[in-house]
Protein chains: 2
Amino acid sequence: MTKNKLAAPLPDQDSGSPGDLAFLIAQVGSHSQISFGKRVVPLGLRLAHVGVLKAIFRTNRLTQRELGDTLGMFPSNLVRLIDELEQKGLVRRGHNASDRRSYTLLLTNKGQRMTSELIALTEAHGDRICAALNPLERRELTQLLRKIATGQGLQPGVHPELPGLKSRRATKARTL
Amino acid sequence: MTKNKLAAPLPDQDSGSPGDLAFLIAQVGSHSQISFGKRVVPLGLRLAHVGVLKAIFRTNRLTQRELGDTLGMFPSNLVRLIDELEQKGLVRRGHNASDRRSYTLLLTNKGQRMTSELIALTEAHGDRICAALNPLERRELTQLLRKIATGQGLQPGVHPELPGLKSRRATKARTL
DNA sequence: TATTGTTATACTCTATAACTATA
DNA sequence: TATAGTTATAGAGTATAACAATA
């Protein structure tokens, strides 16, 4: 039998201090990401796949190396990711006439349809996340977060992954 | 020699749609988390340690099981985390008179000093993250995010970890 | 019989180094 | 000699099952 001696009074904990705000940002952000990750599973994709598809969709004819630099991923890990997307028939490695070492990454037709579907899914997801906010509030939130993002030098469209804690590589990234 | 044929025009990408907002939230949130994680390394801690210390600090005399439920962690993984904190002399496993199977987790004096230091660090961190916002904007942002957080049913003070994608357990969590 | 903390282990993901084929 | 992609593998982190002590 659990005692459950309903412990200790709770100190206040979101007093509106900068620290609490930073935590709140991380908390809501993480929730948004996890929630989206779940929505994408029925399509047979993981979050990482989505990032790659989006990047290929936006910047056409990227090389694997360029894609890795842009997303801050290791080329070695990108290989399997692209392999998987290729096996699903979403991405194609096109041969490069001018440099036979490298491939250019292309979306197949199926890949383009998938990307469209992902965009729709993203909108639906965003709508649920922001359900508590009216249109004006959403615009305000967007502007506030954009200010932070540019202030912090974040690459638009690139989601920094967590384990990058160790040694995130210098990113000669191009802008997406 | 890299060709670097500065590829393809860039479609617009933060048009302010709900999907873009959800992405922006996740992006800024992830950045905040990574950045804080780096700041905590010099103290010899990882992000997970901080979460545990905070939780023990807030709710006194928790049991490992209770802590695990609250944070949504597996008891097995909590063991090593507590081991590490105990080895650093920050946490102590106190014996429980009424149930000799379980321990109650306590902060040592050193652990309390560390927690104070962490709180100061958190404030400094938040201040840097929000550097681009004036006090009024910070209050606005806090309120907007709080609306989302409560709307989404987020546990105050509990940061959902990413890999929970798989099968996050039903949390009989108590409130922190 | 059920529960707390633990151990051992499988699985996934990230990071590093070495190899090949081109340049 | 350097670079693109690949392979193999080390290293974290997360999840699951089984066990000893206690209830």
Side-chain angles (χ1 to χ4, degrees), chain A residues 1-4 30 33-34 37 41 46-49 51-52 61-86 91 93-105 159-172, chain B residues 1-5 33-34 37 41 45-49 51-52 61-86 91-105 159-172:
Chain A
M1 298 286 125
T2 314
K3 279 281 179 56
N4 211 353
S30 191
Q33 197 184 172
I34 291 173
V41 170
R46 280 172 293 134
L47 232 36
H49 294 131
V52 169
R61 300 202 152 270
L62 270 190
T63 257
Q64 269 186 230
R65 163 70 55 178
E66 292 167 333
L67 181 62
D69 286 342
T70 304
L71 297 179
M73 288 187 57
F74 288 95
S76 52
N77 295 333
L78 200 46
V79 169
R80 202 177 61 175
L81 226 45
I82 304 280
D83 282 352
E84 289 163 353
L85 290 171
E86 206 172 26
V91 163
R93 279 186 246 237
H95 273 287
N96 189 338
S98 62
D99 183 346
R100 280 184 305 169
R101 288 175 305 180
S102 68
Y103 299 113
T104 45
L105 299 172
H159 190 125
E161 290 301 329
L162 260 220
L165 269 170
K166 329 275 175 195
S167 74
R168 173 86 28 203
R169 300 166 314 150
T171 174
K172 339 163 198 176
Chain B
M1 301 285 125
T2 314
K3 279 281 179 54
N4 211 353
K5 47 181 144 139
Q33 196 184 172
I34 291 173
V41 171
L45 299 177
R46 280 172 292 131
L47 233 35
H49 294 132
V52 169
R61 300 202 153 270
L62 271 190
T63 257
Q64 269 186 227
R65 163 71 53 181
E66 292 167 332
L67 181 61
D69 285 342
T70 304
L71 297 179
M73 288 187 57
F74 288 95
S76 53
N77 295 332
L78 200 46
V79 169
R80 202 178 59 175
L81 225 45
I82 304 279
D83 282 350
E84 289 163 352
L85 290 171
E86 207 173 25
V91 163
R92 196 166 59 79
R93 280 186 246 238
H95 273 289
N96 190 337
S98 63
D99 184 344
R100 280 185 306 171
R101 288 174 305 179
S102 68
Y103 299 113
T104 44
L105 300 171
H159 190 126
E161 290 301 329
L162 260 220
L165 269 169
K166 327 274 175 195
S167 74
R168 174 87 25 204
R169 299 167 313 151
T171 174
K172 341 163 196 174

Open item on the list: The side chain of A:Phe74 is closest to which nucleotide in this list: D:dA4, C:dA15, D:dT16?
Closed with: C:dA15

Open item on the list: Heavy atoms from C-beta onward define the side chain here; which of D:dG5, C:dA23, C:dT4 lies closest to that of B:Thr63?
Closed with: C:dT4

Rounded to whole angstrom units, what separation is found between the [atom1] atom of [X] and the [atom2] atom of [N]?
X	N	atom1	atom2	result
A:Asp83	D:dA8	CG	P	12 Å
B:Leu45	D:dA12	CG	C1'	17 Å
B:Arg92	C:dG5	CZ	P	15 Å
B:Asn96	C:dT3	CG	P	17 Å
B:Leu62	C:dG5	CG	P	10 Å
A:Leu78	C:dC13	CG	P	15 Å
B:Arg80	D:dT14	CZ	P	9 Å
B:Glu66	C:dT3	CD	P	14 Å

Looking at the base of [N], is there any donor atom on it, or on the side chain of [X], that sits under 3.5 Å from an acceptor on the other one?
X	N	result
A:Ser76	C:dT14	no
A:Asp99	D:dA4	no
B:Arg100	D:dT22	no

TODO: Count the heavy atoms belonging to other residues, nucleotides or ligands that lie under 6.0 Å from CZ of B:Arg93, then report whether that count exceeds 12.
DONE: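 Buried by this count: over 12 neighbours within 6.0 Å.
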
Open item on the list: Would B:Met73 and B:Leu81 count as a side-chain contact (heavy atoms from CB on, under 4.5 Å) here? Give the steps.
Closed with: CA-CA 11 Å; B:Met73 288 187 57; B:Leu81 225 45; 3.7 Å; yes

Check whether any side-chain nitrogen or oxygen of [X] sits under 4.0 Å from OP1 or OP2 of [N], and answer yes or no.
X	N	answer
B:Arg65	C:dT4	yes
A:Arg46	C:dT12	no
A:Arg93	D:dT6	yes

Task: Separation between CZ of A:Arg101 and CD of A:Gln64, rounded to the nearest 0.5 Å - done: 13.5 Å

Open item on the list: Restricting to non-hydrogen atoms, name the atom on B:Glu66 and the atom on B:Leu62 that form the minimum distance, rounded to 0.1 Å.
Closed with: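 Taking B:Glu66 first and B:Leu62 second, the nearest heavy atoms are OE1-CD2, 3.5 Å.
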
- [ ] Begin from the C-alpha positions of A:His49 and A:Val52 and carry the test side-chain contact (heavy atoms from CB on, under 4.5 Å) through to its verdict.
- [x] CA-CA 5 Å; A:His49 294 131; A:Val52 169; 5.8 Å; no

Open item on the list: Pick the closest DNA chain C nucleotide for A:Ala97 and for B:Gln64 by heavy atoms, then say which residue is nearer the 5' end.
Closed with: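 It is B:Gln64 whose nearest nucleotide is closer to the 5' end.
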
